[in-house]
Each structure stands twice: as C-alpha cells, then as structure tokens.
Amino acid sequence: MADVYDWITFMDEKYFPEQIENKWQQRWRETGVFEAKTDDPREKFYCLEMLPYPSGFLHMGHVRNYSIGDALAWFKRLQGFNVLHPIGWDSFGQPAEQAAIKRGVNPRDWTEENIAHMRGQLQRLGMSYDWSREIAAHRPDYYKWDQWFFLKMLERGLAYKKVSQVNWCPKEQTVLSNEQSSGGLCWRCGTRVEKRDLEQWFLRITDYAEQLVADMKQIDARWPDKVLKRQSDWVGRSEGAFIDFAVKDSNKKIRVFTTRIDTIFGANAIVLSAEHPLLTELLQGSALKQDVDAFAEKVKSERTPDRETGEEEKEGLNTGVLAINPFSGEILPVWVANYVLMEYGTGAVMSVPAHDERDFEFAQKYSLPIRQVIAPVSHEQMNAEPVPTTAGDASAEMKHSFTDYGVLINSGEWGGKLSKVAIAEMAAHAKKNGFGEAAVTYRIRDWGVSRQRFWGAPVPVIYCDKCGMAPVPYEQLPVMLPENAAFTGTGESPLAGVPEFVNTTCPQCHGPARRETDTMDTFVDSSWYFFRYLDPHNDAAPFDTRMAKQWTPVDQYIGGDSHAVMHLIYTRFWTKFMRDIGLVPFDEPVKSLLTQGMVTNRIEGTDEWKAMSKSLGNGVDPDEMIAAFGADATRLFVLFAAPVENELRWSESGIEGAVRFLRRVYTMVWRWRERLSQPGQIEPSDVESSPEGRALRRKTHQTIAKITSDFEQLHLNTSVAALMELFNQVAEFNADPATAPAEDVFAVREALEALVIMLAPFSPHIAEEMWEGLGHTGGLLQDVARWPVADPELARREELEIPIQVNGKLRSRVIAAPDVSEEDLRTSALADERVRALIQGREVVKVIVVPRRLVNVVIR
RNA sequence: GCGAAAGUGGCGGAAUUGGCAGACGCGCCAGACUUAGGAUCUGGUACCGAAAGGUGUGGGGGUUCGAGUCCCCCCUUUCGCACCA
C-alpha cells in the first residue's frame with residue numbers, strides 16, 4: 001500500500017486529499033514525530049481526550065472529540081511544548097459480553113478486532129497520537145493494576161463487602177452503581193432498575209465526599225459550571241444537626257437529621273422511613289405491630305422511582321409510639337411514612353408542617369396540627385437587630401408552608417431570635433446537653449463496584465472456609481480471566497461456572513479455597529487510565545511516580561458531558577486516593593475540562609435533530625466522509641461548524657465548503673510555490689512596502705493574534721473563520737507570482753506561511769504538503785516551523801474609520817490616525833458635513849468621544 | 001414541580017464584554033466560462049421602502065449619551081434533578 005505513494009514527493013497541481021493524507025500518515029509513522037519523550041527539556045503539555053469504548057466503529061462524536069484534542073495538541077507542539085497526546089481503549093464492558101452471549105464469539109477476540117479496526121480509522125483521520133503508549137483495559141498488563149489498586153483500597157479499609165439493597169438492571173442482569181442508575185434508569189440501556197439485596201463490594205467514596213466538594217475551588221476556573229454543579233448536587237453536602245428524640249417509656253432514642261433546627265418547636269411528629277431499623281424494635285409487643293409491618297412492606301415494594309408519573313402521594317401510619325421533643329419536652333407521635341428515605345440523613349425526620357412543604361402536605365392529609373414557629377422578617381431586619389417576639393397566632397390558617405428563614409416565635413426561650421442565630425445556638429445547646437450536635441450529611445453513597453459479569457477485572461479476593469476472606473497476594477497478580485467461560489446471561493457471573501478459576505488455594509493456610517467471581521465495574525478502569533499512559537509498560541507499578549510529576553495533572557481534558565457524575569467524579573476520587581498512597585503529589589487530576597457538544601443529524605423526513613445513532617438511522621460513517629472529502633476537510637468542517645461546546649448539526653454541504661476552502665488555499669500555494677521557494681529571500685526591512693502590501697501584513701499579524709488567543713479558549717470555529725478571512729485577503733491581493741516585486745512577495749510569503757502553519761491543527765496533512773511545497777523540508781514539526789508570533793506594530797491599523805453618531809444613531813464616519821486626540825476627533829466629527837446638517841438649529845448638549853472607537857453627538 | 005442556561009438573517013454562527021449588529025461559512029439569486037453542470041470564477045443577499053429614509057438581536061418595561069450585551073416582568077426552548085429533611 002505504502003509503495004503506491006512513494007513516487008509522490010512533491011506537491012501535485014491539483015488537490016487530491018487521499019494521496020496527500022496517505023503520504024503524510026506514512027511519513028508521520030516512519031518518523032515518530034508524535035511520540036512524547038519524557039527527557040525532553042521543553043515545558044510539557046498533557047492533552048487528553050476521553051478514551052473510546054471499542055464498539056467496532058468510530059462515530060462522528062468521536063471524530064469531533066478527537067479533532068478538538070488533536071487541534072490543541074498540534075497548536076501546543078507548534079508553540080514548542082513537549083506534548084503528550086495518547087489514546088487507548090476502554091475495552092471491558094457489556095457489548096463484548098453480549099456478543100459472546102448472542103453469537104458465541106470470544107469477547108477478547110471480538111474486542112481486539114474492534115480495536116484494530118478503530119485504530120485504523122483514527123489513523124486514517126490522521127490523529128496525532130503517540131501510539132507507542134496505547135493501552136487497553138482488557139489486557140492483563142492493564143487490569144493487573146486495577147486489582148493492585150483494589151488491594152490497596154482493601155488494605156486501607158476503603159474497599160469492603162456488605163449486603164445491601166443495590167440497583168439491579170433486569171435487562172443486563174447486573175448490579176449498577178448509584179451513579180449508573182441515576183433517575184432510576186440504567187445508564188446504558190435505559191431500563192428501569194430494581195432493588196435487590198445482594199452482598200457486594202463497595203469503595204468508600206463517601207470518605208472523600210468533603211474533599212470532592214471542597215477541592216472544586218482548585219479547578220472551578222477551568223471546569224464548566226454545569227459539571228461542577230452536577231457533581232456538587234450529586235455529593236449533596238448539607239449542613240444541619242442531628243437531634244435525638246427520646247422514646248417515651250423506653251431507653252431508645254430516635255436520631256433525626258434536620259437543616260432547620262430553628263423550627264424544632266413546630267415539630268408535630270417524628271416520621272420514620274419504612275426501612276428504619278428501630279421500627280421493629282420499638283414495636284415489640286405492640287398491638288399495632290402487624291399493621292405497621294404490613295404498611296412498611298407495602299411501602300418498600302412500591303419504592304421504585306417513577307419519573308413519568310411524578311411524585312407519589314404521601315402515605316403514613318401512626319405507630320402508636322411516642323417521642324419527646326428535647327427542646328420543648330412536648331410528646332410527639334411517631335409515624336412511619338413513604339416520603340422519608342432511609343438512604344438520606346438518618347432515615348428519620350421531625351415533621352414541621354408549618355415550615356416544610358412535604359410535612360405540610362402530610363399534615364394536611366392526616367389532619368395533624370400545624371404550628372407556626374417562624375415569622376417572616378423584612379430583609380433589613382434579617383441583617384439588623386433581632387426583633388422582639390411577635391405574638392404568633394398558633395391557630396392561624398396557613399395555606400402553604402413558610403420555608404424561608406425568619407424570626408422564631410412560639411419557641412420558648414429562643415423566641416425572638418433570627419433563624420441563622422438560633423440554628424447555631426440551638427445546635428450548641430443540644431450538644432452541651434447531650435441530645436444532638438451540628439452535623440454535615442452527604443447524599444453520595446459508596447461506589448458499588450461488583451458486577452456479576454465476565455468481561456471485567458476479577459476482584460482479587462479468595463474465600464477460605466477456615467481463614468475467611470483473604471486478599472490475593474500482590475505477587476500473584478494479575479488474577480487472569482479464564483479462557484473457557486460459558487456465557488449464559490443469567491445474572492450470576494460466568495466466572496462462577498469455571499471450576500479452574502473458582503477453585504484455588506488459600507494464601508494463608510494453603511487449603512482449598514474459592515475465588516471471588518464478581519468482576520469490577522468498568523469505571524474502575526477509566527478512573528486512572530490516563531496515568532498509565534505515562535508509563536504504559538511498567539510491570540512493577542501502575543506508573544512511576546516521577547512520570548506522574550513530569551506529566552500530570554492533565555492540562556486539558558476533552559469529552560462529552562454525559563460523564564459529569566460518573567467517570568469525572570470517580571477519577572477525582574481515585575486521584576485523591578493515589579495521593580494518599582503517595583503516587584501523585586496533587587489533589588485534582590485535570591486542570592481544565594472541556595465538554596464538547598453532541599453531533600446531531602436530521603431524522604429522515606422530519607425536522608428533528610437527534611444525536612447520531614444506529615437505531616435512529618441518522619448516523620454518518622466517518623470512513624465515508626474521509627473517502628468522499630478527505631480527513632482534512634472532515635476535521636476542518638467539524639471544528640468550524642459550531643463552537644465546540646454547542647450541538648453540531650451535521651451538514652453535507654457544510655463539509656463541501658470545507659473542501660472548497662482547502663482547495664482554494666492549495667491552489668494559491670501551488671501558484672506561488674515556485675516564486676516563494678526560491679532561495680535568496682529579502683528581509684522586510686530592505687524594502688518600502690506598498691499600501692496593499694502593508695495591509696496584507698497587517699491582516700496577517702491580526703490573524704495570528706486572533707487565532708493564538710482563540711486557541712487558549714478553544715474557540716476553534718472563529719479561528720477557522722479568521723483563517724478564511726486571511727486567505728480571502730491574500731486572494732484579493734492579486735499580485736502575479738511571476739512579476740510581483742520583492743516586497744510584495746515577502747508579504748505573500750509571510751501570509752501564506754502563517755496560514756499554512758495555523759491551518760495545521762485543523763487540517764494537518766494538507767498543511768504539511770503545502771509547507772513542503774513552500775520549500776521547507778523535514779515537516780512542520782522541525783525547528784523551522786513555529787507558531788507565528790504577532791507583531792503588534794504590524795497589526796496596528798494605520799488609520800481608523802471612526803463612526804459618528806448623532807443621538808445614538810449612526811450618521812457618518814471620519815478617517816483618523818490611530819493616535820488621534822480626543823479633541824481632534826471631536827472637532828472633525830463636528831466639522832463633518834452630514835453632522836453639521838443635522839445639528840443645524842439645534843443645541844449640542846454634549847459630545848461623547850470614545851478614543852479610537854466612536855463619537856456620539858447629543859443634540860436637543 | 002424545583003433549579004440552571006439560552007433565545008441574533010432561510011441555516012450554523014460572529015460581535016475586542018456597554019460603543020459601526022449580522023464576521024466567516026452554508027443556502028439562495030444573478031452573471032461569466034462551458035456541449036453540460038450538483039464543477040469553477042465574479043457580484044449580490046437582515047427586513048420595509050422606488051428613493052430619501054426607516055425598522056430591526058423572543059415580547060414588554062427600565063438604566064445609559066449609547067443596550068444583542070446590564071436590571072425587572074413575561075413567553076419559549078434546552079438541559080439537569082426527582083420527596084435530599
């Protein structure tokens with residue numbers, strides 16, 4: 001294949017994308033220009049895109065993701081950074097196993113074939129990856145380190161096993177983490193998840209809940225707000241207090257969590273969740289026990305989140321148990337109700353209907369008393385002196401709960417205090433008297449990582465009847481997946497059916513023992529993969545800590561926002577753990593995050609734009625685009641068509657426009673190549689340029705300045721627009737290569753070389769070809785090629801066209817020098833013929849002069 | 001229901017952050033070259049108006065010499081959340 005193109009050494013007259021792209025892809029492979037060297041003294045830049053799942057085919061979303069990353073990688077390389085730009089495969093997971101179940105293929109062979117095909121696609125797109133660092137999660141030299149990390153967590157008590165109610169996807173026959181079943185739907189197939197009691201492995205991400213929130217301030221300048229917001233909501237940090245309500249005629253206490261301890265005098269009941277453990281204890285011997293049990297069972301069975309039908313009606317039952325309000329001494333009934341969740345807080349709440357919407361609704365339904373204990377205060381009062389207790393009318397008919405802060409009434413000695421004062425003082429009072437304390441709770445739950453699947457990293461644990469559970473010794477890693485599992489898709493791990501895998505010896509007593517048959521969630525693999533790129537062949541450690549110091553944190557991470565609370569929160573957690581075991585010296589793995597928008601296409605015959613997908617039949621095959629238009633044009637269009645964070649609506653005519661542009665540039669360079677590649681160039685200082693030549697140079701330097709600053713913010717669409725503008729100006733320059741004077745040739749060379757270099761991040765093959773055509777050998781990444789630097793002197797306009805407004809309406813323009821004084825500008829504006837006509841007979845009230853910008857004459 | 005973001009030509013989108021609205025491209029119209037055009041090149045293209053001129057950034061109000069940009073109300077769309085005590 002390569003031989004076919006060997007004869008093409010120089011630029012062809014016509015633009016043939018396929019030839020150029022093949023030529024340069026081969027050249028890059030041979031020279032290894034994209035391989036990052038650790039000992040390179042230049043400043044590093046780690047450019048990372050989310051690694052793909054090897055489904056078999058690249059889709060346009062990938063093309064967009066990698067085009068953005070590749071543009072940045074090229075930009076940084078051309079600026080002289082030592083760029084690390086790797087890629088790999090998130091190759092464990094469901095589809096390989098589904099293929100095994102349905103078609104009997106070997107999941108490893110299936111995966112490797114897919115990787116080979118997709119690697120070819122990425123190479124045909126000309127993505128500038130360092131292929132020497134490629135990794136794949138399903139290979140033992142990778143998942144060995146998943147297991148190593150698991151053991152490290154086990155040692156530190158961060159991995160543990162417990163029976164718990166877990167999210168179960170009935171379609172996929174496996175457990176899902178909370179993050180993967182957000183909204184009650186399976187993240188992968190959208191099936192409604194069920195709850196099951198199973199013994200499962202968990203990672204104690206909750207130990208890091210506070211850091212996951214607090215450390216956001218280290219990254220918030222360069223992560224999208226919406227991602228941080230979602231993570232913050234997911235962690236669900238909430239400040240409040242625990243309060244113990246003693247149970248009457250018992251030594252038991254019911255602990256509640258509240259954020260509004262200031263409303264405690266308004267409590268009319270304690271409400272327990274149906275799963276609350278005290279429920280059975282407190283009702284021993286009660287006449288109501290049967291009714292309560294039946295009610296609790298009913299609630300549990302109905303507790304499947306249901307988005308479509310909205311909220312469930314609140315239902316509850318009085319248990320007959322009584323509790324004592326520790327602040328007021330009041331006796332309160334204890335209820336059980338469906339709206340109190342065991343997973344949050346303590347699974348018990350104090351019901352304060354006057355000041356909580358849910359409690360209000362509940363009290364209305366069951367005719368419970370409603371007592372107002374917070375009175376509204378004006379904004380000024382909130383920040384000023386406490387107001388004296390107003391005589392709150394306890395019997396006042398409330399139509400809604402009042403949930404704002406205010407001033408306490410009907411609250412004994414606390415009456416008259418402002419909410420925010422009372423919240424602190426009452427928590428301190430509770431602590432002093434031993435019935436509570438200020439507390440912070442989190443919504444996030446520990447990360448359930450057990451999966452009843454084959455195609456994942458086996459959990460490296462052994463069970464021995466004598467010794468109990470034992471970790472697999474480090475030197476025995478990896479625990480390899482067996483070759484001969486049967487894929488039934490029945491909910492038990494296929495590993496359990498492989499005796500050679502299950503049966504082993506106990507590392508402690510050397511007696512017979514059994515291996516754990518659960519595998520790990522694939523999000524474990526992706527939590528730390530980008531550290532493995534630093535040192536992909538290390539067989540003594542996941543990576544060398546010196547490599548981590550050299551390359552990480554990631555400078556720019558690019559991917560879809562669908563992972564805002566899955567991958568991106570797990571990887572932050574994992575990094576903090578790696579820090580705690582001394583592997584990395586920082587808290588956050590990613591300095592700057594870009595979440596790119598989806599690629600959508602019209603659904604045939606409708607006006608709807610939806611994400612490209614096989615099932616909707618609106619997918620576009622990248623290979624077809626490359627064949628029809630070339631990789632360069634495909635990439636250029638994808639980056640030009642919309643800002644990177646927006647949805648991108650696919651358009652075939654748009655991509656044709658990209659080809660047209662590339663062809664025009666190519667033809668222009670072709671026309672000039674002979675003149676420009678001649679030796680004996682003149683320097684700009686040698687000559688007095690024509691006004692047109694100076695204008696072209698000005699445009700060149702303005703464009704350099706614009707694109708350079710656009711790149712820092714990844715405003716790639718406007719960068720492409722600026723390249724097109726520069727090209728248009730070169731085209732208008734209209735000099736004849738054969739006869740143009742030396743100074744014009746200089747201006748053209750400067751413009752075209754800047755254009756070619758700045759095009760490289762978008763369309764690297766054609767840029768390389770044109771660079772060579774302009775007489776440079778050795779490729780763009782040789783030392784001669786550098787990202788151009790804008791000269792502010794040359795970029796500055798020689799004259800300004802200043803708009804003149806009269807009463808805010810544009811009426812005229814005047815030409816002025818860039819350093820024109822305000823006074824001169826004012827004078828020439830007032831002297832303007834059209835302005836004079838308008839102000840005739842009117843009074844000039846004032847004249848606003850914005851230096852270098854505009855003049856506005858205000859008349860009456 | 002709660003929360004957040006966003007509404008600019010036929011379309012994707014620009015607008016140095018309060019200073020010439022519509023850059024750049026797509027599409028469309030006209031012309032040139034062509035046996036031909038779904039190729040290429042040239043010109044035009046926010047709206048109303050014959051023109052002068054006027055009107056325009058979802059609607060309404062406000063601040064300002066000046067508002068796409070800031071403030072208030074409303075409408076619409078998109079996204080996120082799902083009883084979080």
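Just the heavy atoms: all of them, side chains too, but no hydrogens, waters or symmetry mates, feed the values below. Numbered from 1 within each chain, the chains take letters A, B, ... in sequence-line order.
Side-chain N or O atoms of N338(A) include one that pairs as donor or acceptor with a backbone N or O of E313(A) at under 3.5 Å.
There is a side-chain donor-acceptor pair under 3.5 Å between N167(A) and K195(A). A donor and an acceptor atom, one from each side chain of Y344(A) and T441(A), are located under 3.5 Å apart. For the residue pair E823(A) / S821(A), no side-chain donor-acceptor distance below 3.5 Å is found, with atom types taken as modelled.
A14(B) sits 11 Å from G25(B) when the C1' atoms are compared, rounded to a whole Å. Taking the P atom of each, C29(B) and C47(B) are spaced 15 Å apart, rounded to whole Å. Between G1(B) and C70(B), the distance separating the two C1' atoms is 31 Å to the nearest Å.
Ranking G12(B), C83(B), A14(B) by closeness to the R649(A) side chain, first place goes to G12(B).
One atom, CG of D225(A), and another, P of G80(B), lie 17 Å apart when rounded to the nearest Å. Atom pair Y339(A):OH and A85(B):P shows a separation of 13 Å (rounding to whole Å applied). Look at CD on E645(A): it is 10 Å from P on G13(B), rounded to the nearest Å.
At G25(B), one or more side-chain N or O atoms of N728(A) fall inside 4.0 Å of OP1 or OP2 (strictly under the cut-off). Note on R443(A): a side-chain N or O is less than 4.0 Å away from OP1 or OP2 of A82(B). Phosphate contact (OP1/OP2 of A14(B), side-chain N/O of N717(A), threshold under 4.0 Å): present. In this structure, K226(A) does not reach the G80(B) phosphate: none of its side-chain N or O atoms is under 4.0 Å from OP1 or OP2. Applying the 4.0 Å criterion to OP1 and OP2 of C11(B), one finds that S651(A) has every side-chain N and O outside that range. Residue R358(A) places at least one side-chain N or O closer than 4.0 Å to OP1 or OP2 of C84(B).
Glycosidic torsion of U17(B) falls within 90° of 0, placing the base in syn.
Proximity of V352(A) to N268(A): side-chain heavy atoms (C-beta onward) are nowhere separated by under 4.5 Å.
Here K809(A) lies in heavy-atom contact (under 4.0 Å) with sugar-phosphate atoms only. Counting any heavy atom pair closer than 4.0 Å across all strands shown, N856(A) reaches a base atom.
Closest approach of T258(A) to M350(A), counting heavy atoms only: OG1-CE, 3.7 Å.
Contact of K314(A) with C83(B) (side chain to base): a donor-acceptor pair of N or O atoms is detected under 3.5 Å.
Sequence order on RNA chain B of the closest nucleotides to R813(A) and K706(A) puts K706(A) first from the 5' end.
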*What string of B, S and - do you get for nucleotides 40-47 of chain B 5' to 3' if you count protein non-hydrogen atoms under 4.0 Å?*
SS------

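Ring to ring, F711(A) and F762(A) are close: their centroids are under 6.0 angstrom apart.
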